[in-house]
Structures are given as structure tokens and as C-alpha cells.
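Everything quoted here is computed from the prediction, not taken from an experiment. Heavy-atom basis, side chains included; hydrogens, waters and symmetry copies ignored.
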Amino acid sequence: MDNATHDHHDSSSYRIPIALRFFWSIILVVGMLILPKTPRYLVKRDNNEAAARSLSRLRRLPEDHEAVPGARRDPGKPPV
């Protein structure tokens, strides 16, 4: 990135690399806001219901599916 602007002898020689770094950081911040929290983080914070919802969303399964541990299930139905 810096080598591409080494021939510039004005302020663009440092402004272009800084702008590219800001652009990448904006992408990361937007991704942090859009993506769900991980089930591991939620379990560590003792939020098992939210962890089950997050895991079901990541696996694209309903919350009461047997592949989602800790999910709410019918009490009369034993887990498989």
C-alpha cells in the first residue's frame, strides 16, 4: 500500500494509505454491528436462551430442534 504511493511527492503519499485503513476499519465495525454474538460468548455470560437462539440462527434450524443444545423443548418429549 505504501509502495504504491512512494512516487507521489504531495500529501496524497500519506493520505491514500490512511484512507484505505479507515475504509477497512469501517467495514469491520459495520460487520460487528450486523453479525450476531457467538453462542460461546453468550454461554460464558450465562445467557443460555440467547445462546440457543444464536446457535439456531447460525445453523438455520428452529430453536426447538434437537441439534440446538439448551433450547426450549416440550417437557413431555425426551431429547433424542
Subject >> Any donor-acceptor pair under 3.5 Å from S54 side chain to A51 backbone >> reply: no
Original post:
With no hydrogens and no angle check, is any side-chain donor or acceptor of S56 less than 3.5 Å from a backbone partner on A52?
Top reply: yes
Original post:
Between atom CG of L55 and atom CD of E63, what is the distance when rounded to the nearest 0.5 Å?
Top reply: 10.0 Å
Subject >> Value rounded to 0.5 Å, distance of CD1 in I27 from CZ in F22 >> reply: 14.0 Å
Original post:
Side chains of V43 and N48: closer than 4.5 Å at any heavy-atom pair?
Top reply: yes
Original post:
Is there a side-chain contact between R21 and P17, using heavy atoms and a 4.5 Å cut-off?
Top reply: yes
Would you mind writing out the side-chain donor-acceptor pairs for residues 29-37 within the sub-3.5 Å range, not counting sequence neighbours?
none

**OP:** Can you sort out the partners of A19 under side chain to side chain contact (heavy atoms under 4.5 Å, CB included), two or more places apart, ordered by chain and number?
**Re:** none
